[in-house]
Amino acid sequence: MTVYLSLNGLFLQKSVSLFRLLPVLLLLSHPACAQLCTGSLGDPVVNITFGSGNNPGPQLPPNVTYYNYTVNSCPTDGFYTMVNRTSGCFGSTWHNVPEDHTPGDINGYMMLINASYQPGDFYVDTVKNLCGGTTYEFSAWVLNMLQSTACNGNGNMPNLSFSIETTSGQKIQTPYNTGNIPNIAYTQWNQYGFFFTLPPGVNDLVLRITNNSPGDCGNDLALDDITFRPCGPKVQAGFTNQPSVSDTVYHCFSDQATISFSGAVQSGFNNPAFQWQVSNDGGTSWQDIAGATSTALSTQFSVAGTFLYRLSAAEAGNISVRRCRVASSVLTVIIDDIPPPGVSNNSPVCEQSPVQLFAHNGYRYAWSGPAGFSAADSMPVIPLAAVSNAGTYMVTVTTRGGCSRQENTTVIINRLPAASAGNDTSICESGVAMLQAAGGMSYSWQPAAGLSNPSIANPVATPPFTTSYTVTVTGPGGCRAADSIRITVLTKPVAMAGPDKQIVAGNSVQLSGTISGDTALHFWTPPQYISDVNNLDAVVSPPGDMIYTLHVMSGNGCGTATDDVFIRVFQKIAIPNAFSPNGDGINDTWQIPGLDSYPESELQVFNRYGQPVFRSRGYPKPWNGTFNGKPLPSGTYYYSIDRKNNFPLLSGWIAVIR
């Protein structure tokens, strides 16, 4: 793969990314990273970021690279393109790169290269107007585009050499080699670089970058952020009158502060010269301070602002040429103004709510206020404010440089309303309760079910079951409080006397009454033939049919209830075993005492052959010994009596005597 980049003219000014990529790779993946400058650096004299914009970016100037330009964001072998992002190349065997390397460069371009098949020079260009006898650091950033799993895990790896030569071809620096840049599973920009010294009198050089690997499957990379910066002995600077401060001092503008700086340079220059510089735009640009050419500097400040200082140094013959200088680390002087107003609070608030105080624009804060309040935070909080916390709060806001302002803010705390929902009460089913809340200006009841109007102080409540109602009372300032009332719904008494019963005279039966609801008293009537009128399971033995009534009374005035149970009493049956239907008026019919109390009973009489000769339901008329109107002969006959109602069947014989 062969790529050529131009380092002169306008192209150099807008292309920064390539050289910054190479040093990261150096630092992260190659032991030669120690070849980067260990002294002080000057401002970049070459700074290539490739610019920014929409995809695809413009092609490089003529003779910058022998590769062919393509607008395709995934270039093929021997092609390159300029893109601000790329993804999905060659079945995602290349890494997805969401942005270039240049920090803060929105839509910044990087040079994306697919290596040609033959190794060769990657980049050749001439850098002019440098300073002879000056040491420079070169660096660039490189990204291996190939995934570690591509090419069956055996993809070719980029292997780059960097060479610095005179325009006549003499080697100034032994070529630096990156070694193989490994194929890895994630996107990683790496920086590579080294430093070199131009011979005295040599102001121009040729940069040559060679790709030592073949193309085909692999050896594909992205380049960004290329820089040349002067590298010299370590230049040190600090605050003379504040030696304990490392790089920043603070003062108030009213102090008329005088700040003294001092600097020094380590050995390395034959004849060092110095120049103090100041920046008022955060380091974007630097201005030489007239006459400040010694290692000491004193400046008085009477206006607010942020001022950056540094000491630059070079060989005496080169100090007037800025691209030949190296510089110390930056010293920052921050002159504060009186902090602007910025004190407030979140009131008015209600009792038991948090009060938040706010102060801004300071470095230190000192609060004081009612009820012995004090705090040192910018936004202190009183978690549960009481009325005693209302009043004026004072705060002294002090900047880091010592400028102060005292301000106050007034906190208003409204009392909570004395909410009252009234006393708990009870009502009977289907009854009503008159609610009466107090203590506020407006009211809201929950739940709303069963209320005539949940938004008034005195709604009518008709809950179907026991319910607790909560009223939220709103007072002045929108403060709210709540109270609750419980309405117990008393159910009406219910009496169930149980199923009707039947017995044979002389026997007894147990009642099975039940009661429910609000009950205080229960009893049976009448009191005759019952074991205990207050026992729901009392035993009764009436001589004849009788109705018993279960009475239930509420203990809270919710009424009474009754229910009846009917006791059917059947008489005992005496069955004669003979009668004489001979017409003499004596014992002429078969009289069965007590059978008439079984109106549903069935009686049958059979002759000795099993043939029925008499049938009767309820036995309303006694049998006279005839069959179909004709007298039956004397003899023995057989009967069966089914009394129904689960009574056992009665059977036997009867003699007809004539």
Side-chain angles (χ1 to χ4, degrees), residues 496-513 524-533 535-550 563-658:
M496 298 185 67
D500 292 343
K501 308 283 185 176
Q502 60 187 24
I503 60 173
V504 175
N507 293 335
S508 60
V509 67
Q510 186 177 40
L511 302 179
S512 52
W524 294 95
T525 62
Q528 289 80 22
Y529 312 111
I530 186 168
S531 61
D532 184 353
V533 294
N535 188 346
L536 293 174
D537 299 321
V539 175
V540 296
S541 53
D545 292 347
M546 183 169 287
I547 294 175
Y548 285 94
T549 301
L550 177 60
D563 191 31
D564 295 335
V565 60
F566 174 67
I567 308 301
R568 177 71 177 273
V569 179
F570 295 94
Q571 299 300 315
K572 292 182 178 181
I573 299 176
I575 304 175
N577 59 6
F579 72 103
S580 56
N582 53 14
D584 61 0
I586 300 172
N587 202 21
D588 286 333
T589 59
W590 188 28
Q591 299 289 335
I592 306 176
L595 186 58
D596 57 353
S597 66
Y598 301 88
E600 298 178 356
S601 63
E602 290 184 0
L603 181 147
Q604 293 188 80
V605 180
F606 306 90
N607 61 22
R608 61 180 178 174
Y609 303 108
Q611 297 170 332
V613 295
F614 179 77
R615 183 189 300 269
S616 173
R617 175 177 291 275
Y619 208 57
K621 184 177 180 180
W623 183 40
N624 60 6
T626 63
F627 176 63
N628 290 332
K630 296 179 180 180
L632 290 172
S634 297
T636 300
Y637 294 84
Y638 303 91
Y639 66 86
S640 69
I641 301 174
D642 184 358
R643 294 173 289 176
K644 305 296 184 180
N645 300 304
N646 297 318
F647 286 110
L649 191 70
L650 301 178
S651 61
W653 58 270
I654 177 70
V656 176
I657 302 172
R658 294 195 179 272

> Is there a side chain to side chain contact (heavy atoms under 4.5 Å, CB included) between Y619 and I641 once you walk through the steps?
Replying inline: CA-CA 10 Å; Y619 208 57; I641 301 174; over 6 Å; no

State, yes or no, whether a side-chain contact exists between [X] and [Y] at a heavy-atom distance under 4.5 Å.
X    : Y    : result
R643 : L650 : yes
V504 : F647 : yes
N577 : W653 : yes
V540 : V509 : yes
I547 : I567 : no
P581 : V656 : yes
Y598 : I573 : yes
L536 : L550 : yes

> For D564 and T549, does a side-chain donor sit closer than 3.5 Å to a side-chain acceptor?
Replying inline: yes

>> Just checking M496: does its CE atom have more than 12 heavy atoms from other residues, nucleotides or ligands closer to it than 6.0 angstrom?
In response: no

>> Looking at Y529, I'd like to know if its OH atom is crowded, meaning that more than 12 non-hydrogen atoms belonging to other residues, nucleotides or ligands lie closer than 6.0 Å.
In response: no

>> With side chain to side chain contact (heavy atoms under 4.5 Å, CB included) as the criterion, how do Q591 and F579 come out once you've worked through the C-alpha distance, each side chain's angles and the decisive distance to 0.1 Å?
In response: CA-CA 8 Å; Q591 299 289 335; F579 72 103; over 6 Å; no

> Quick one: CZ on F566 to NZ on K501, what's the gap to the nearest 0.5 Å?
Replying inline: 14.0 Å

> Hey, what do you get for CD (Q604) to OH (Y637), rounding to the nearest 0.5 Å?
Replying inline: 16.0 Å

> Does T626 offer a backbone N or O that forms a donor-acceptor pair with the side chain of W623 under 3.5 Å?
Replying inline: yes

> Should L632 and N607 be marked as a side chain to side chain contact (heavy atoms under 4.5 Å, CB included) after you check the CA-CA gap, both sets of side-chain angles, and the distance that decides it?
Replying inline: CA-CA 10 Å; L632 290 172; N607 61 22; over 6 Å; no

>> Can you confirm if the aromatic rings of W590 and F614 lie within a centre distance of less than 6.0 Å?
In response: no

> Of all heavy-atom pairs between G625 and R658, which one has the smallest distance, and what is that distance?
Replying inline: O-NH2, 3.1 Å

>> Run the side chain to side chain contact (heavy atoms under 4.5 Å, CB included) test on E600 and N645 for me, step by step, so that the C-alpha distance in whole Å, both residues' side-chain angles and the decisive distance to 0.1 Å come before the verdict.
In response: CA-CA 9 Å; E600 298 178 356; N645 300 304; 4.3 Å; yes

